[in-house]
Every structure is written in structure tokens, then in C-alpha cells.
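Below: one structure, written as C-alpha cells.
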Amino acid sequence: MNQVVDQPTEKVNLLDFDRQGLRDFFAQLGEKPYRAEQVMKWIYHHLEDNFENMTDVGKTLRAKLEASCYIGPPKTVFDKAAADGTHKWLLGMDGGNAIEAVYIPEPTRGTLCVSSQVGCGLNCQFCSTATQGFNRNLSTAEIIGQMWVAAKYLGNITHQNRRITNVVMMGMGEPLLNFDNVVKAMSLMRDDLGFGLASKRVTLSTAGLVPMIDKLSETIDVSLAVSLHAANDELRTELVPLNKRYPIAELMASCNRWLARKPRTSITFEYTLMKGINDQPEHARQLIKLMRRMPNCKVNLIPFNPFPGTRFERSDATVIRDFQTQLLNAGVLTMLRRTRGDDIDAACGQLKGQVLDRTRRQAEFRKRLDEGVIHAV
Ligand code: SAH
């Protein structure tokens, strides 16, 4: 599915605007705001990227739009289906960069996992994206464009045939480090004239950028997931270096502020289980203690997904079950995330894309692989 149409740069990509932005842009063109909303419906409900087909938009306006803007979703470099129905898209960005989006179908819902950056700067030790370093933030168009491409492919029809019922900002990157573009894209996911998803169905996942969690709760109504992975600071700092800057107590305080502002919501804490690292009964006890102060919150256990060069291993199935049982017995609502799409490297922590690294991380990682210091699995 190659749709390579390079647009002249001076034209404006309408996927970069949320509803207000689109209204303002139409005002600049000397058009009424409701025209913007008409076009928005074509873009997100009918997944139309050709002004000519927007039959209820007058000919003159169509010509004006043609001359000044375009609807430019990212280009699909390739897409691939896994045996379990999971679907992955590699989407081309500028200059050889590429990011990934993944669709995970389940009996009662379909979840799209969306990327927010080309690579990631956080360097979490157990995540494949970290080995690639960082290039740049994605634009609003590149974020919402992932959903547009997937929706078009899947035959998603908002309000009728919803193939994408949930979105998680859990692909490549730290979404809170690309705040403005991520918020605009999520507002298009939520907007009735956009993809029309309820706040419970749009989830932002963060490694714990405390001030931005506060800002998010004041800016948009979406759900929050926090990547915890350890309930003591020493271990968490080792796994998630950002913990040094925002340790667990500060992170939990910001989560409590979130819950105070949104009393009827809950926060999901993600916990990737790694053999002998964070999967022992004492780790479960620490997590239980932490969760006691977070009533109504959920823990989502993720069996570690391996990638070339990682020093970690997935916990044994019995250990995972025991860990979950220990939490459940203590009254902590605990789900186990089933591993999906791992035969196409589309599982959590396996997304790679192509990152033209601006840090030295990718080169260093490759060197260690070549030298045999670390091993391909
Ligand atoms: N930066 C954000 C979003 C991307 S990560 C965040 O940290 O939340 C999405 C989820 O996948 C996180 O919970 C992350 O910790 C988890 N993950 C990363 N690497 C993994 C791996 N190798 N196996 C399983 N889960 C992993």
C-alpha cells in the first residue's frame, strides 16, 4: 500500500489542525467556520483526502482549498499482519525516518497503538525504542495521520463500523515530551467531528514526567497510564532513568492530583515483568503497598518482550501468575496483558521504525552488539 504523493511544502497540511485551528484557517481564507467543520467530517468520518470528492463543498471553495492546502497522512512504507490478527504499519517520515503504529483486534474492541516521537530520548533499559536514540517530535499530522491510515485500511466508519474503538499513546516516544502536538492529535481522536472516541478510550502512557502530568489534566480529558515497572526508587531509577528526576513519591503525588481533578477516573500502572529483576514476591509486596494509597487504580502486568541485544528475559509463566495472584489477593485490581503481534515485532517494547539518531545511543548499541558485549536473541 504505497501512497507516495509528495506535497509542495508551502501548502498547509489540514491534518495539523484541531477543530479550532481548522476554523481559524478557514477564517483566514475568508470562509465561514461551519465550512471547516464540513471539511473536517470528510477528513475523519469519510477518510477522504481528495477535495474533489467533497460533494457538499462548493466548487470555488474546493478550488481554493486545492490551491492552499492538502490532506497529507504519512506514507505507508510497508504493513504487515501477524498470525493473531495484529497489524503493523511502518510509516515513512522525512529524510529516511520511519515510525510504527500497531492495531490490536480483540473480540469486543480494537486498539490502535500510536507513536509520538521518532525514537525516544528516555533510555528505559528494557525498551527496544531506546536503543535507537532520538530524532525529533512528530507533528500533529503525523500523529493523527497514523490513525487516519489505519482507519482507512481497516474500513473504520466513525459512529457506524468502529474498527478502532481505543487508542493508546504507547508506541515509540514519550508523548508528554511532545505535549502540544500530542494534545492536538488526541483532541481530534476525541472530537465528534474527528474520530469521536470517549475520554476513557483515549489513553496517554507516560514514563512519569511529573509537571506534564499536571498540565495534561488541566488541558484535555483523556485517560492516563503510568509506566511504573518497579515500586522502589533504586530499581526504578535503574530501569527508567527518568525516575532520578521524578522519583516515585513525586510521581504518586502527581497521580493523586490527577485523581483529585478527575474523581471518577482511574489510572493504569504498567509493570513489565522481567525475570529475576522485578518479579519476586518482595517486589509484589512493594507494589501492593504503593497501590494501597491509590484506590480504584489498576495494575497492568506486561510480560517482557525480548529484542536483539537486551540483557533482560521474560519472567516464567508461573512467576507471572504468582505475582498477579499476590496482587489480587491483596485487593489490587490487576490485569495481565496478553502478548500480541510478537511474530512481527509489534509487541510492547519491540517497536523500532527507523530513527536517524541525533544522540549517540544507536551507534553505541550497535557497537556493543558487534563486539559481542550484548547478544542478538
Ligand atoms: N514512553 C511512554 C510510552 C511508550 S512505552 C511510556 O513509557 O509509557 C509503552 C509501554 O510498553 C510502557 O509501559 C513500556 O514500559 C512498555 N514496554 C517497553 N519495553 C517493553 C518490553 N521490552 N516488553 C514489554 N513491555 C515493554
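Whatever order the structure lists ligands and atoms in, that order sets their numbers, starting from 1. We use all heavy atoms of the structure for the numbers below, so side chains are in, but hydrogens, waters and symmetry mates are not.
Taking 4.0 Å as the cut-off, Pro306 does not count as a neighbour of ligand 1 on heavy-atom distance. Within the 4.0 Å heavy-atom shell around ligand 1 one does not find Met172. Judged by the shortest distance from any of its heavy atoms, Cys124 lies outside the 4.0 Å radius around the atoms of ligand 1.
Salt-bridge formation is not detected for the pair Arg245/Glu250: no Lys NZ or Arg NE/NH1/NH2 atom is positioned less than 4.0 Å from an Asp or Glu carboxylate oxygen. Using a 4.0 Å cut-off between charged side-chain N and carboxylate O, Glu52 and Arg62 make no salt bridge. Lys88 has no carboxylate O lying under 4.0 Å from a charged side-chain N of Asp345, or vice versa, which leaves the two without a salt bridge.
Checking Glu174 against Ser116 by side-chain atom types alone, no donor-acceptor pair falls below 3.5 Å. A donor-acceptor pair shorter than 3.5 Å can be found between the side chains of Gln117 and Asn137. A donor-acceptor contact closer than 3.5 angstrom links the side chains of Thr272 and His229. Counted by atom type alone, Asp316 and Thr318 present zero donor-acceptor pairs between their side chains at under 3.5 Å. Checked by atom type, the side-chain pair Trp42/Asn53 shows no donor-acceptor distance below 3.5 Å. Donor-acceptor pairing under 3.5 Å is recorded for the side chains of Arg35 and Gln38. Under 3.5 Å, the side chains of Gln20 and Asp24 contain a donor-acceptor pair of N or O atoms.
In the vicinity of His229, heavy-atom distances shorter than 4.0 Å reach the ligand 1 atoms 13 (O), 14 (C), 15 (O). Every atom of ligand 1 with a heavy atom of Ala207 under 4.0 Å away is listed here by number and element: 6 (C), 7 (O), 8 (O). Atoms of ligand 1 found under 4.0 Å from any heavy atom of Gly173 (numbered from 1 in listed order, with element): 1 (N), 2 (C), 3 (C), 4 (C). Near Cys348, the atoms of ligand 1 lying under 4.0 angstrom from a non-hydrogen atom of the residue are 11 (O), 20 (C), 21 (C), 22 (N), 23 (N), 24 (C), 25 (N), 26 (C). Annotation for ligand 1: atoms under 4.0 Å from non-hydrogen atoms of Gly171 are 4 (C). For ligand 1 and Glu270, the ligand atoms under 4.0 Å from any heavy atom of the residue are 10 (C), 12 (C), 13 (O). Proximity to Cys127 (heavy-atom distance under 4.0 Å) selects the following atoms of ligand 1: 18 (C), 19 (N).
For ligand 1, the polar-atom distance check finds an N/O of Glu174 within less than 3.5 Å of one of the ligand's N/O atoms. Geometrically, ligand 1 and Pro175 share no nitrogen or oxygen pair separated by less than 3.5 Å. Any N or O atom pair closer than 3.5 Å counts here, and Ile302 shares no such pair with ligand 1. Polar contact check, Ser128 against ligand 1: no nitrogen or oxygen pair lies under 3.5 Å apart.
No side-chain heavy atom of Val57 sits less than 4.5 Å from a side-chain heavy atom of Phe51.
Heavy atoms from other residues, nucleotides or ligands lying under 6.0 Å from CD of Glu234 number 12 at most.
Looking from atom 23 (N) of ligand 1 to the surrounding protein, the closest heavy atom is Asn305 N, 2.8 Å. The protein heavy atom nearest to atom 9 (C) of ligand 1 is Met170 O, 3.4 Å. The protein non-hydrogen atom at the shortest distance from atom 19 (N) of ligand 1 is Gly349 CA, 3.1 Å. Looking from atom 2 (C) of ligand 1 to the surrounding protein, the closest heavy atom is Ser205 O, 3.3 Å.
For Val226, no heavy-atom contact with ligand 1 is shorter than 4.0 Å.
Distances from atom 6 (C) of ligand 1 to the heavy atoms of Ser115, Ser116, Cys113, Ser227 show the closest one on Ser227. Residue nearest to atom 26 (C) of ligand 1, selected from Thr203, Thr206, Leu209, Thr272: Thr272 (by heavy-atom distance).
Here the side chain of Asn178 pairs a donor or acceptor atom with the backbone of Leu138 at under 3.5 angstrom.
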